[in-house]
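Since the structure comes first, as structure tokens, the remarks are kept for the end.
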There are 2 protein chains.
Amino acid sequence: MTSPQPRADLTEETRNRLATKLGAAGLRVTEPRLRLAHLLFRHGNRHVTAEALLDEAHASGLRVSQATVYNTLNQFQAAGLLRQVQVDQARSYFDTNIDVHHHFYVEGEARLIDIAADAVDVARLPDSPAGYDVDRVEVIIRLDKSDRS
Amino acid sequence: MTSPQPRADLTEETRNRLATKLGAAGLRVTEPRLRLAHLLFRHGNRHVTAEALLDEAHASGLRVSQATVYNTLNQFQAAGLLRQVQVDQARSYFDTNIDVHHHFYVEGEARLIDIAADAVDVARLPDSPAGYDVDRVEVIIRLDKSDRS
DNA sequence: AATAAAATTAGAATGATTCTAAGGCTATTT
DNA sequence: AAATAGCCTTAGAATCATTCTAATTTTATT
Ligand SMILES: [Mn+2]
Ligand SMILES: [Mn+2]
Ligand SMILES: [Zn+2]
Ligand SMILES: [Zn+2]
């Protein structure tokens, strides 16, 4: 019997796809970036901290430094491949979902859940102060454990 | 001519009002708390960082430590006298406006502007995940400088 | 006044993130 | 296929907001 394959492999085809993605974003294609991109993007959308990504990288056999993880996350974000979500006073979350969307956040559980843009209706917005334009409208729904479960 | 009075004075009447407020919130009335409360609440609503409040305290002649400023802000928040706003990865803002409301945030200028709750119409919300209740809905409108000023 | 409990504080510790500056890779040019 | 120049990566130090510790000071109670 074959061994289970819990993680998507970084095939040559995937490497090519990711290399194209990095190139299109104006980033050079390097091994660390390619493999971090694979970890980030292989399985649908996710919210990840720098620490979690570093652990994952190490678990996958990639020997990469903390600085590179931070650099890569920041570069991916600057290039528009990731977006940063600010919900917790302690740490930053990086979001692989760069479409317009919103979040549930469970405080104390450090858990972010996507809300599709069309599931929230922000019907009316006030005018922006003179000289400023709206960059992004963010809705964060903070959750509590139910009163009685 | 009388000297200008740029800051509201901490009169006996104000002290009594603030003492009542602290007492109602379950906090003991102490000189540092009274005077920090005065700085926080004397002039309408505001958004303040711990560092800014410490500077203000010192400028007003209150000799208080950084630890006390942090303790006081955290206690006021836990007591419901302040609310914390999380918009910047670097630092926390404390908001004296505890009513339901929203914010404009100008990145790079570290500036928060209140939006009255009724100026935004969040018409429809998705159901919360099972076992969780909505604690608070937060709308943050991130602003950019206009394209051409 | 004596006592106990809570508050304040200086300074150290923490922890996420950034910086430095040195060596390693990549792409380009000869 | 060198040689070159410009990124990239990295270990470790630095930064900086915030929290913690342990000792002192205040406040409230007896
Ligand atoms: Mn950055
Ligand atoms: Mn706290
Ligand atoms: Zn998301
Ligand atoms: Zn506000």
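In the text below, chain A, chain B and the rest are named by the order of the sequence lines, each starting its count at 1.
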Does a side-chain N or O from [X] land closer than 4.0 Å to OP1 or OP2 of [N], or not?
{"X": "A:N74", "N": "C:dT17", "value": "no"}
{"X": "A:Q89", "N": "D:dT19", "value": "yes"}
{"X": "B:N71", "N": "D:dT19", "value": "no"}
{"X": "B:R33", "N": "C:dA7", "value": "yes"}
{"X": "A:R63", "N": "D:dT9", "value": "no"}
{"X": "A:T68", "N": "D:dT10", "value": "yes"}
{"X": "B:T30", "N": "C:dT8", "value": "yes"}
{"X": "A:R28", "N": "D:dC7", "value": "no"}

Taking atom types as modelled, find out whether [X] and [Y] have a side-chain donor-acceptor pair closer than 3.5 angstrom.
{"X": "B:Y132", "Y": "A:E109", "answer": "yes"}
{"X": "B:Q84", "Y": "B:Q77", "answer": "yes"}
{"X": "B:H101", "Y": "B:N45", "answer": "no"}
{"X": "A:H102", "Y": "A:D114", "answer": "no"}

For atom [atom1] of [X] and atom [atom2] of [N], their distance in whole Å:
{"X": "A:L27", "N": "D:dC7", "atom1": "CG", "atom2": "C1'", "value": "12 Å"}
{"X": "A:L54", "N": "D:dG12", "atom1": "CG", "atom2": "P", "value": "15 Å"}
{"X": "A:Y93", "N": "C:dT17", "atom1": "OH", "atom2": "C1'", "value": "15 Å"}
{"X": "A:Q75", "N": "C:dT17", "atom1": "CD", "atom2": "C1'", "value": "14 Å"}
{"X": "B:L53", "N": "D:dT18", "atom1": "CG", "atom2": "P", "value": "12 Å"}
{"X": "A:L22", "N": "D:dC8", "atom1": "CG", "atom2": "P", "value": "11 Å"}
{"X": "A:L73", "N": "C:dT18", "atom1": "CG", "atom2": "C1'", "value": "14 Å"}
{"X": "A:R91", "N": "D:dA17", "atom1": "CZ", "atom2": "C1'", "value": "15 Å"}

Closest approach to the side chain of [X], judged atom by atom: which nucleotide of [options] is it?
{"X": "B:P32", "options": "C:dT17, C:dT8, D:dT18", "value": "C:dT8"}
{"X": "B:Y70", "options": "D:dA17, C:dT8, D:dT9", "value": "D:dA17"}
{"X": "B:V64", "options": "C:dT9, C:dA7, D:dT9", "value": "C:dT9"}
{"X": "A:A67", "options": "C:dA7, D:dA11, D:dT18", "value": "D:dA11"}

Query raised in the report: With sugar-phosphate meaning primed atoms plus P, OP1 and OP2, does B:Q66 contact a base, only sugar-phosphate, or nothing at under 4.0 Å between heavy atoms?
Result: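 The residue B:Q66 makes base contact.
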
Query raised in the report: B:T49 near the nucleic acid: base, sugar-phosphate alone, or nothing, with a heavy-atom cut-off under 4.0 Å?
Result: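 Touches nothing.
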
Query raised in the report: Within the distance-only criterion (no hydrogens, no angle test), does the side chain of B:R91 pair as donor or acceptor with the backbone N or O of B:E51 below 3.5 angstrom?
Result: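 No.
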
**Report entry** Separation between NE2 of A:H43 and NE2 of A:H38, rounded to the nearest 0.5 Å
**Finding:**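 The NE2 atom of A:H38 is 7.5 Å from NE2 of A:H43, to the nearest 0.5 Å.
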
